Amino acid sequence: GIIGGIGPETTIAYYGQIVAVHRERTRDGSYPSIVIHSIDAKRLIVPIMEARHDEVVEVLLSAIAVLERAGATFAAIAANTPHIVFDTLRTRSPLPLVSIVEATADAAVEQGIKNPVLLGTRPTMEGTFYHDVFARSWMTIVTPDEDDRAYIHEKYMGELFHNVIKAETRDKLIEIISALERREGVDGIILGGTELSLILTDESYAGIPVLDTTRIHVQRIVDESFV
C-alpha cells in the first residue's frame with residue numbers, strides 16, 4: 001500500500017518504478033498488486049510547515065486505515081518530509097511501515113558513504129530524523145547553510161512540487177553541492193525530497209554519488225512484497 005499525492009508526479013514515478021522492478025525480478029510477465037491512496041497534500045503540508053506533528057500523525061493514520069481496508073499488508077509513504085513523524089506513526093500503525101530514511105541509510109552504508117549532504121524541504125533539512133537514522137551507522141549528515149536551505153525549500157515547493165523543472169535551478173543546486181564538497185568533504189548526495197529526482201537525474205554530481213531516495217525506497221518496497 002502506498003500513501004501518495006505528496007506530490008502527484010512522485011506518486012506516478014513510484015507506481016511505474018515498482019511495476020518495472022517487480023517485472024525485472026520475476027520475468028514472468030506478472031504485475032505486483034498495489035493499492036495507492038492519493039491524499040490531498042495540503043492536509044499534510046500545512047501542519048508539517050507549522051510543526052503540528054500530532055495532526056500529521058492523524059492524517060497519515062487515516063490514510064493507512066484506508067490502505068488496510070483495501071487489503072494492503074504493509075504501507076509506505078511516497079515522500080520524505082512526512083517521515084518527520086515516522087517513529088510515532090510506526091508505533092500506532094495497524095500495518096508494518098517501510099521507511100524511506102532507513103532504506104536510504106542502508107544504501108549509503110553499502111556504498112561506503114560517511115558524510116552525505118541532505119537536500120530537501122526545510123523541515124527535512126532542519127529536522128533530525130535523517131540525522132538520527134544515519135547516526136546509527138556512524139554517518140554524519142551535512143546540510144546547506146541557512147541561505148541555501150531557504151533557496152532549496154523555495155524552489156522545491158514553488159517549482160519541483162508543481163513539476164516545474166528549470167535549468168537555472170539545477171545549476172544552482174549543483175553549485176551548492178560542489179561548494180559543500182570543497183568545504184565539508186561530502187561524499188554522497190541524499191535527494192531527501194522525492195521531487196528532487198525529477199531535476200537531479202544523473203548518478204553523480206561533482207564526482208559525488210547520488211542517493212535517489214525514490215529508487216532506493218522502491219527497491220525496499222519490492223523486497224517487502226516478496227517476503
Side-chain angles (χ1 to χ4, degrees), residues 1-39 41 44 56-57 59-111 113 116 118 120-121 124 129-130 133-134 136-137 188 190-198 200-201 203 209-227:
I2 305 294
I3 299 174
I6 333 163
E9 295 298 329
T10 296
T11 305
I12 293 168
Y14 264 79
Y15 175 77
Q17 290 186 33
I18 289 171
V19 170
V21 172
H22 182 278
R23 295 189 72 187
E24 181 180 335
R25 294 192 187 184
T26 58
R27 298 190 179 278
D28 61 3
S30 64
Y31 290 84
S33 178
I34 307 172
V35 179
I36 298 175
H37 180 30
S38 185
I39 67 176
L44 277 182
V56 175
V57 170
V59 171
L60 292 171
L61 283 175
S62 176
I64 292 168
V66 172
L67 295 175
E68 183 185 31
R69 290 195 297 272
T73 55
F74 68 93
I77 306 167
N80 279 270
T81 304
H83 282 71
I84 199 168
V85 298
F86 188 83
D87 288 344
T88 300
L89 190 66
R90 174 178 270 167
T91 64
R92 297 180 58 188
S93 172
L95 296 176
L97 302 179
V98 179
S99 166
I100 195 171
V101 183
E102 292 172 357
T104 302
D106 290 343
V109 169
E110 290 174 5
Q111 295 184 42
I113 292 170
L118 174 63
T121 64
T124 295
F129 60 101
Y130 255 98
V133 172
F134 273 61
R136 298 173 195 165
S137 298
I190 303 170
L191 303 187
T194 48
E195 276 77 19
L196 284 165
S197 62
L198 303 175
L200 295 176
T201 57
E203 293 185 358
V210 168
L211 291 165
D212 182 338
T213 59
T214 299
R215 293 183 182 179
I216 292 167
H217 203 199
V218 163
Q219 293 284 347
R220 183 63 59 86
I221 289 167
V222 176
D223 288 344
E224 186 68 23
S225 73
F226 282 100
V227 174

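On a predicted model such as this, the values are computed, not experimentally measured, just so you know.
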**Study point:** side-chain contact (heavy atoms from CB on, under 4.5 Å) assessment of Arg215 paired with Val218
**Key:** CA-CA 5 Å; Arg215 293 183 182 179; Val218 163; 5.6 Å; no

Please report the closest heavy-atom contact between [X] and [Y], naming both atoms and the distance.
X      : Y      : answer
Gly29  : Arg23  : CA-NH2, 4.2 Å
Leu118 : Tyr130 : CD2-CB, 3.8 Å
Ala79  : Tyr14  : N-OH, 4.4 Å
Ala78  : Gly4   : CB-CA, 4.5 Å
Leu67  : Gly1   : CD1-C, 3.8 Å

Quick check: does any side chain N or O of [X] sit under 3.5 Å from a backbone N or O of [Y], one acting as donor and the other as acceptor?
X      : Y      : value
Ser93  : Pro96  : no
Thr11  : Gly7   : yes
Thr104 : Thr213 : no
Ser137 : Phe134 : no

How long is the span from the [atom1] atom in [X] to the [atom2] atom in [Y], to the nearest 0.5 Å?
X      : Y      : atom1 : atom2 : answer
Ile6   : Glu195 : CD1   : CD    : 9.5 Å
Ile64  : Leu95  : CD1   : CG    : 7.0 Å
Leu61  : Leu89  : CG    : CG    : 5.0 Å
Asn80  : Thr121 : CG    : OG1   : 8.0 Å
His217 : Gln17  : NE2   : CD    : 12.0 Å
Glu224 : Leu97  : CD    : CG    : 10.0 Å

Check your understanding: Could Asp223 and Arg25 be called an ion pair, given the rule that one side-chain N must be under 4.0 Å from one carboxylate O?
Key -> yes

Between [Y] and [X], is there a side-chain heavy-atom distance shorter than 4.5 Å?
X      : Y      : answer
Gln111 : Leu211 : yes
Leu200 : Val210 : no
Thr124 : Phe129 : yes
Asp212 : Thr201 : no
Thr214 : Leu191 : no
Glu203 : Pro209 : no
Val35  : Ile2   : no
Ile18  : Val222 : yes

Exercise for review: Count the heavy atoms belonging to other residues, nucleotides or ligands that lie under 6.0 Å from OH of Tyr31, then report whether that count exceeds 12.
Suggested key: no

Check your understanding: For Tyr15, does the OH atom have more than 12 heavy-atom neighbours from other residues, nucleotides or ligands under 6.0 Å away?
Key ->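 It does not: Tyr15 OH has 12 such atoms or fewer within range.
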
Review point. ring-ring contact (aromatic ring centres under 6.0 Å, His included) with Phe86: which residues, sequence neighbours excluded?
Key: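 Residues passing ring-ring contact (aromatic ring centres under 6.0 Å, His included) with Phe86: His83.
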
Check your understanding: For the side-chain contact (heavy atoms from CB on, under 4.5 Å) test, which of Ile3, Leu60, Ile100, Val57 pairs with Pro82?
Key ->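 Testing Pro82 for a side-chain contact (heavy atoms from CB on, under 4.5 Å) against Ile3, Leu60, Ile100, Val57 leaves exactly one candidate, Leu60.
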
**Study point:** Test log, rule side-chain contact (heavy atoms from CB on, under 4.5 Å), inputs Ile36 and Ile34
**Key:** CA-CA 6 Å; Ile36 298 175; Ile34 307 172; 3.7 Å; yes

